[in-house]
Chemist: 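Just dropping this structure here.
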Amino acid sequence: MSERVLVQQLQALPDGPVSVSGWVETVRDQKKVQFVILRDETGAVQLVNPATRPAEDGSEQDAAALALTDLISNLSTGTFLTVTGQLKHDERVKLGGVEIKIGDLDIAAAALPETPIAADSGLDKRMDWRFLDLRQRRNNLIFRVQTTLEHAMRTYWIERDYIEIHSPKLMASASESAAELFEVPYFEDKTAYLAQSPQFFKQMAQSAGFGKIFEIGDVFRADPSFTSRHATEFTSIDAEISWIDSHEDVAAMQEELLQFAFQAVKDKHGAEIAELFGVEVEVPAVPFPRIPLAEAREIVAARGYDIPRTDGDLDPEGERQISAHVREQHGHQFVFITDYHPEIRAFYHMRDEQTGLTKSYDLLFNGVEITTGAQREHRVDVLIEQAKEKGLEPEHLDFYLDFFRYGAPPHGGFGMGLARVLMLLLGESSIREVTYLFRGPTRLAP
């Protein structure tokens, strides 16, 4: 048996025997010649077979050649197979300038002849048959970009001596809003909750003396939202650092991280993203623009949009408007919105003693919020008072408050949605398109 060669390796090989494996994308069964487009995880290649048909005069034909021709004629789209044959470089072949003359064809698993989705199928239908939908080159690229993005962020952090943690996803109490908790039956008639955020455990690492940490992991939100940017399970990118002076230190780290990661994506996938998504990857300049929330609301109002929210925050259209302003005035796709009122922030956000506003920010990317970041309150007496203000019972937070009763450094961090970053980076309209298997209020399968 010949060693398997990936399609992307074929151009570098000399003419001669070769073995490739993948699935059938198309078959062109002509009278004198048959063409099969075979795709693997790295690309597609044209296979060719001189057709041998039963002779009209009934004369004897080569049995093996007849059988191969018949086998190819009956191949269905999606069939997984291995082909051994002769590689030939030919600049006339549009698909990579190479083709393989089929010598032997071994079917690993035949596909049913009728596929349940087509190129024009709707999003929900494609999600029902996600494994078929993902066979497209465009969708394959999404997850190569995701891999590069995550690897680059890990590289940034590891090169700067961060520690990676994996916090538990089963919790005894809420880390944020109790209204967004998924309950899970636990042992001895106990109730556990799926983690909405690694927030408490990121902060515990600061009290443990870890200094700088990051985590890339699943989080769960029982949020019955059907927007293009929400999910009930998603991957969160989190970081937390000690010995900061303000949330500005967190923002500075995050903008450097994104610049580093976007450069890696551009270097490795920029040309292919431009080809398949029609998007030029922009590596953002640092520092990102920063606009206080009150000023952002004034800018949005001046643009003719009246924000309907009564809590003082931006709504989605307000986020799009302020981002459009930043693009027009600064030529930038990112903007930090800072200085949020405590009423619209978590109890653990530190407050500025001069203004009374929180030392926090939201990061918008092309008009959509992707991050909330802040300096955390590390003084336990202040934390208790701020929790009470939010209507929380301190005794229900005792395990969390214990993190600060035995000393804690000034610290802060952020949480960022991976799917939102991918969606906006690639110019997609929904996180469903960039999530391997999406979970929402009405989707638990496949």
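Computed over heavy atoms, backbone and side chain alike; hydrogens, waters and symmetry mates excluded. Keep in mind the model is a prediction, meaning the values are calculated, not measured.
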Chemist: Could you tell me if R439 and T232 have a donor-acceptor pair between their side chains, going purely by distance under 3.5 Å?
Modeler: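 Judged by distance alone, the side chains do not pair up.
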Chemist: Where do R303 and E298 land on the salt bridge (charged side-chain N to carboxylate O under 4.0 Å, His left out) test, with the steps shown first?
Modeler: CA-CA 9 Å; R303 292 175 66 88; E298 291 174 1; over 6 Å; no
Chemist: Does a salt bridge link R351 with E389, judged by any charged N lying under 4.0 Å from a carboxylate O?
Modeler: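 Yes, charged N to carboxylate O under 4.0 Å.
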Chemist: Distance alone, cut at 3.5 Å: any donor-acceptor contact between the side chains of S360 and Q375?
Modeler: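 No.
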Chemist: How about E256 and Y156: does a side-chain donor come under 3.5 Å of a side-chain acceptor?
Modeler: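 On atom types as modelled, these side chains qualify, holding a pair under 3.5 Å.
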Chemist: Could you tell me if the ring centre of F131 sits under 6.0 Å from that of Y436?
Modeler: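 Ring-ring flag for F131/Y436: false, centres at least 6.0 Å apart.
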Chemist: Kindly compute the distance separating CG (L357) from NE2 (H349), expressed to the nearest 0.5 Å.
Modeler: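 Result: 13.5 Å between the selected atoms.
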Chemist: Between D238 and S236, do the side chains contain a donor N or O and an acceptor N or O under 3.5 Å apart?
Modeler: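 Distance-only check passes for S236 and D238.
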Chemist: Hydrogens and angles aside, do Q206 and R376 bring a side-chain donor and acceptor to less than 3.5 Å of each other?
Modeler: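 Short answer, no.
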Chemist: Mind checking whether Y361 and F288 have ring centres under 6.0 Å apart?
Modeler: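 Centroid distance Y361-F288: not below 6.0 Å, so no.
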Chemist: Take the angle between the ring planes of H411 and F404 and call it parallel below 30°, perpendicular above 60°, tilted in between.
Modeler: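 The arrangement is parallel - the two ring planes meet at less than 30°.
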Chemist: Indicate the atoms forming the closest heavy-atom contact of M253 with A239, along with that distance.
Modeler: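 The pair with the smallest heavy-atom distance is CE-CB, 3.8 Å.
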Chemist: Does a salt bridge link R290 with D339, judged by any charged N lying under 4.0 Å from a carboxylate O?
Modeler: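 Not counted as a salt bridge, because no side-chain N and carboxylate O are separated by less than 4.0 Å.
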Chemist: Check the side chains of T227 and H230 for a donor-acceptor pair under 3.5 angstrom, ignoring hydrogens and angles.
Modeler: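 Yes, side-chain donor-acceptor contact under 3.5 Å.
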Chemist: Output yes when E433 and R126 qualify as a salt bridge under the 4.0 Å nitrogen-oxygen rule, no when they do not.
Modeler: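 Between R126 and E433 there is a salt bridge, with a charged N closer than 4.0 Å to a carboxylate O.
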Chemist: Are R345 and D362 within salt-bridge range, i.e. N to O under 4.0 Å?
Modeler: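 Between D362 and R345 there is a salt bridge, with a charged N closer than 4.0 Å to a carboxylate O.
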Chemist: Would E385 and K390 pass as an ion pair if we require N to O under 4.0 Å?
Modeler: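 No, this pair does not count.
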Chemist: When you check the side-chain N and O atoms of E255 and Q259, is any donor under 3.5 Å from an acceptor?
Modeler: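 No, Q259 and E255 have no side-chain donor paired with an acceptor closer than 3.5 Å.
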Chemist: I'd like to know whether NZ of K268 has more than 12 heavy-atom contacts from other residues, nucleotides or ligands below 6.0 angstrom.
Modeler: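 Not buried by this count: 12 neighbours or fewer within 6.0 Å.
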Chemist: Looking at R443 and D128, is any side-chain nitrogen of the basic one under 4.0 Å from a carboxylate oxygen of the acidic one?
Modeler: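 Looking at R443 together with D128, the answer is yes, because their closest N to O distance falls below 4.0 Å.
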Chemist: Answer yes when R297 and E319 have at least one side-chain N-carboxylate O distance shorter than 4.0 Å, and no when they do not.
Modeler: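 Salt bridge between R297 and E319, a charged N being under 4.0 Å from a carboxylate O: no.
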Chemist: Taking atom types as modelled, is there a side-chain donor on Q321 or E317 under 3.5 Å from an acceptor on the other?
Modeler: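 Yes, E317 and Q321 have a side-chain donor paired with an acceptor closer than 3.5 Å.
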Chemist: What distance do L134 atom CG and N140 atom CG have between them, rounded to the nearest 0.5 Å?
Modeler: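 One finds 8.5 Å between CG of L134 and CG of N140.
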Chemist: Tell me if a side-chain donor or acceptor on K202 pairs with a main-chain N or O of F414 at a distance below 3.5 Å.
Modeler: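 Here the side-chain-to-backbone pair exists.
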Chemist: Evaluate the salt bridge (charged side-chain N to carboxylate O under 4.0 Å, His left out) criterion for residues E282 and R327: first the C-alpha distance (whole Å), next the side-chain angles of each, then the deciding distance (0.1 Å), finally the verdict.
Modeler: CA-CA 13 Å; E282 294 182 53; R327 175 65 88 174; 3.1 Å; yes
Chemist: Can a salt bridge be assigned to the pair E159 and R154 using a cut-off of 4.0 Å between side-chain N and carboxylate O?
Modeler: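 Between R154 and E159 there is no salt bridge, as every charged N stays at least 4.0 Å from the carboxylate O atoms.
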Chemist: For a quick check under 3.5 Å, do T77 and E25 share a side-chain donor-acceptor pair by atom type?
Modeler: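 Checked: T77/E25 side chains show no N/O donor-acceptor pair below 3.5 Å.
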Chemist: Against E41, only a single residue in R137, R144, R4 fulfils salt bridge (Lys or Arg N to Asp or Glu O under 4.0 Å); can you say which?
Modeler: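 Output: one option passes, namely R4.
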Chemist: Hey, what do you get for NZ (K212) to CD1 (I158), rounding to the nearest 0.5 Å?
Modeler: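 So the NZ of K212 and the CD1 of I158 are separated by 12.0 Å.
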Chemist: Do T82 and D106 meet the criterion of a side-chain donor-acceptor pair at a distance under 3.5 Å?
Modeler: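 No - no donor-acceptor pair under 3.5 Å links their side chains.
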Chemist: Distance from L363 atom CG to T371 atom OG1, nearest 0.5 Å?
Modeler: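 The CG atom of L363 sits 5.0 Å away from the OG1 atom of T371.
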Chemist: Would you tell me whether R221 and Q196 have side-chain atoms, one donor and one acceptor, within less than 3.5 Å of each other?
Modeler: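 Side-chain D/A pair, R221 to Q196: absent.
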Chemist: Under 3.5 Å, is there a donor on one side chain and an acceptor on the other for H341 and T358?
Modeler: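 Absent: no donor and acceptor within the cut-off.
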Chemist: Would you sort out whether K359 and D249 count as a salt bridge (charged side-chain N to carboxylate O under 4.0 Å, His left out), showing the intermediate values?
Modeler: CA-CA 11 Å; K359 295 184 176 184; D249 296 313; over 6 Å; no
Chemist: So that I can tick it off, tell me whether E377 and R379 are bridged by a salt bridge, with the cut-off set at under 4.0 angstrom between side-chain N and carboxylate O.
Modeler: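 Salt bridge between R379 and E377, a charged N being under 4.0 Å from a carboxylate O: yes.
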